[in-house]
Amino acid sequence: MAPRTLRDPSSSHTIGFSSSTLFDPTSSPQQPPSSPPAATSTTSATPNSLDLHCLPPIFVIPAHLDSDAQDEVEEELAASHAPLTYSVHEARLFVGLVRSKKRAALELRTRGLWTEEVVREDKSVQEEVKEKVSRGREGGSEPPRKRVKVDGGVAKEDVETASETEVETASEASETESESAPSDHVPAESTIEPSKGNAEAQYAVDGSSVQLQPHPKSPAEDPPGALQFQDHLRVISLDWLRDSLKAGRVMSVGKYVVYECRAIEKPTAPQRQQTLIPRQQIQKVIPARKAQIAAQHPQSQRQQQPSSSQQILDRARADAGEGPRVNQRYHPRRTGLALDVKKPRSQLLQQTTTPEDASPTNADSGPLPPPPDWVAQHVKYACERSTPADTPNAAFVEQLKRIRLARELRDDDIGVRAYSTSIAAVAAYPHEIRAAREVLRLPGCSEKIATLWREFSGSEDGTVAEAREVDDDETLRTLRLFYNIWGVGAKAARHFSLDKGWKDLDDAVEFGWGQLSRVQQIGVKFYDEFAERIPRSETEHIVQVVREHARRVCPVDPDGIEILIVGGYRRGAETSGDVDVIVSHRKLDATMNLVEDIVAALEQSGYITHTLTLSLQGTSRGQATLPFRSSNGAGLGFDTLDKALVVWQDPEWPGKASAAETNAKNPNIHRRVDIIVSPWRTVGCAALGWSGGTTFQRDVRRYAQAVKGWKFDSSGIRDRRTGKVVDLEGPDGVGRGEGIVDAEKKVFEGLGLVYREPWERCTG
DNA sequence: TAGACAGCGCATGGTC
DNA sequence: GACCATGCGC
DNA sequence: GTCTA
């Protein structure tokens, strides 16, 4: 082993590398090498015997090296008199824990160095090694390792019960990882060619400028290899340094080359096709699994529903393509709208209150369609208007949503909220927008949104630059990858991507498994499965199973169990990201502890494989302010809106019977299911609170606060001033003959709102 | 021009 | 262990 | 980013 081993190799997150690399790659706070390593250091070294002064400028790629490990590498290099550099543009040689061409290129690119691969004609040995190194990482026909690893974990998970709360251990991941690890590493020492003993064998320094040249003394040693092309850059494995130190002499770099390239200019305009890249990235992670899923779930295909977000995006993009062409007719001549928006706004508002609004008010723009009442009256809460899913401005909404996503990824809460408001307004607008003035009339839409609309309407393809960033910007693409893990929000995504330098899920598994929370580990394991959309028929089936189990655990009055599917399904979506279902019962005591019982029963039958969170005392906080009235013999009469967020898998599959012998595992896809149990008394609030969309719900709360002075949440309503419960559904909920939806209608009514059908709540 | 922007429970990690 | 702040999902 | 006190 190396002269000095760094960290405790048994550290829980030395996954995959601990036995094969010198430098511990565990955590990697990415500190760009802003300052050179100390010339001397207490930990550094025994001066080693290597002489690397003739090497070209070397850059140490910090990825996956924590600052200590990075320092150590640099110290070793410095001790060997290697010409370390901290400028990627100056460097000719790059060393690091990088094992694929693609990744190597990415590492350089993210530091501002764009490259293209150089394929050498004589690549017998080198290519072989490179290919070996990168095998399994690169796309190719081989399934990506990540999926293999993750599946390995899944296999183990399959026997877990939902009640297990134990954190899935890093050691488990480690085991799993080790199965595939060996193929990732450069050849063992035995395969290494005898060293030429001196760096000069491969490199020479050309006078003052450090340029690469084939060394005259050894033209044949690293054949075409070495340096016929002086502009070549090489990314080599850190193992080269390890092996050289180990051998006490400089090993030929040839076999350690991961990526050979030359610098190119930064591409100016990102190609439009890059829109597809995120999906490709995902596919890269899951192709095999995806195909498997498709095969197992023919119903998804049968319904011809978009089975992926990309398809939806594609569809939206197609829509977007049409938008501008239409709109352009109305914008042959535009004025500097942004400049005159402020003043005209109030004028417009006044005008919109009169029927004459439909007449031309501006010689420059022509007539606008008569605004809907909510626009004319500047109604600002989404719950006060109808927002159907199909908007004539879908393409523009799509662009706004992308910008919002970018704000989410940038951890800009306020921006997210602002765009959500605008999106909800645009989505509710019943006409195709033809003039920026129309945008300005909408609540929550002002100069910025109007400007975006102008860009949108004037563009060839119905896109705006800010929205394209989500797909084009590499940082955002990586952030999105992590952000899409269940349990990972903006903070964690940024932490993983920016602080730790992880670039893909492989990195999270290899380098950070032990740093993931329990639910994040689950989120990674089922990353691709959770991304799959759930068709309505499957939602219905799942809910049917929930219903049966609820009845089973409610022996006193099983027929009293009432169910409402909420979430996207209730809003009419063809597919959903998860299944949300409200379970209730007219008898208060029947809903007490019902979630736990249902979950336990579903675990028992094998439907629930994991419990992400279990909320058992929704409104215990409310007890203090809750009058002890409706005690009904049910003890304290709490409002309990209990919920379970679980991972679901149908335990039945064809061939299960013989599975024991064949060791086959359940091929059914894992789904996210939310089971909400509400007491009857507040089931209307629950229905309203869980039927979304997000902005609709948020605006119900804002409305309740601003207009009524109430605090609304899905487990009830309270008066902000007195703290007293506001009972809109009656002391015991709606009566005989009325159901959950009737209760919901009473809540609307009590709030002073016109009832909105669920499909009118598609606020985006 | 400054402050608000939904509001909850759970998980996690830090402090005392 | 109690308490608090933060992150997260809904 | 928008609205409002």
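Proteins come first, then strands; the chains are lettered A, B, ... in the order of their sequence lines, and each starts at number 1.
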J.: Would one find a side-chain N or O of A:W486 under 4.0 angstrom from OP1 or OP2 of B:dA11?
T.: no
J.: Just call it for A:V488: base, sugar-phosphate, or nothing, with non-hydrogen atoms closer than 4.0 Å on any strand.
T.: sugar-phosphate
J.: For A:H549 together with A:Y607, are the ring centres under 6.0 Å from each other?
T.: yes
J.: Across the strands shown, which category fits A:G489 at heavy-atom distances under 4.0 angstrom: base, sugar-phosphate, nothing?
T.: sugar-phosphate
J.: Please give, in whole Å, the distance from C:dG9 P to A:H610 NE2?
T.: 17 Å
J.: In whole Å, what is the span from the CD atom of A:E408 to the C1' atom of C:dC10?
T.: 13 Å
J.: Can the ring centroids of A:F530 and A:W486 be said to lie less than 6.0 angstrom from one another?
T.: no
J.: If I take atom CH2 in residue A:W690 and atom P in nucleotide C:dG9, what distance separates them, rounded to the nearest angstrom?
T.: 13 Å
J.: When rounded to the nearest 0.5 angstrom, what is the spacing between CG in A:L688 and CG in A:D713?
T.: 10.5 Å
J.: Looking at A:R402, A:R410, A:K448, which hits salt bridge (charged side-chain N to carboxylate O under 4.0 Å, His left out) with A:E466?
T.: A:K448
J.: Can you tell me the distance, in whole Å, between the CZ atom of A:R672 and the P atom of C:dC10?
T.: 5 Å
J.: Would you mind reading off the distance between A:K711 atom NZ and B:dG9 atom C1', rounded to a whole angstrom?
T.: 14 Å
J.: Quick check for you: among B:dG9, D:dT2, B:dC5, whose closest atom lies nearest to any side-chain atom of A:S615?
T.: B:dG9
J.: Applying side-chain hydrogen bond (donor to acceptor under 3.5 Å, both in side chains) to A:E438 and A:Y429, what does each step give before you reach the verdict?
T.: CA-CA 9 Å; A:E438 279 179 279; A:Y429 190 66; 2.6 Å; yes
J.: Taking only side-chain N and O atoms of A:K643, does any of them lie within less than 4.0 angstrom of OP1 or OP2 on B:dC10?
T.: no
J.: Output the distance between atom CZ (A:F696) and atom CZ (A:R571), rounded to the nearest 0.5 Å.
T.: 10.5 Å
J.: Of all the choices, C:dC8, D:dT4, C:dC10, which nucleotide is nearest to the side chain of A:K491 once you look at every atom?
T.: C:dC8
J.: Give one of base, sugar-phosphate or nothing for A:D699, where a contact means two heavy atoms less than 4.0 Å apart.
T.: nothing
J.: May I ask you to say what A:A704 touches in the nucleic acid, namely base, sugar-phosphate or nothing, with a heavy-atom cut-off under 4.0 Å?
T.: nothing
J.: Is any side-chain nitrogen or oxygen of A:R417 closer than 4.0 Å to OP1 or OP2 of D:dG1?
T.: no
J.: Please determine whether any donor N or O and acceptor N or O are separated by less than 3.5 Å between the side chain of A:R701 and the base of B:dA6.
T.: yes
J.: Pick the P atom in B:dC5 and in C:dC10, then give their distance to the nearest Å.
T.: 23 Å
J.: 5'-most contact on DNA chain B: A:V519 or A:A418, nearest heavy atom basis?
T.: A:A418
J.: Atom OH of A:Y419 and atom P of D:dC3: how far apart are they, to the nearest Å?
T.: 13 Å
J.: So A:L612, base contact, sugar-phosphate only, or nothing? Heavy-atom distance under 4.0 Å.
T.: nothing
J.: Could you state the CZ-C1' distance from A:F696 to C:dC10, rounded to the nearest angstrom?
T.: 16 Å
J.: What's the CG-C1' distance between A:D412 and D:dG1, to the nearest Å?
T.: 9 Å
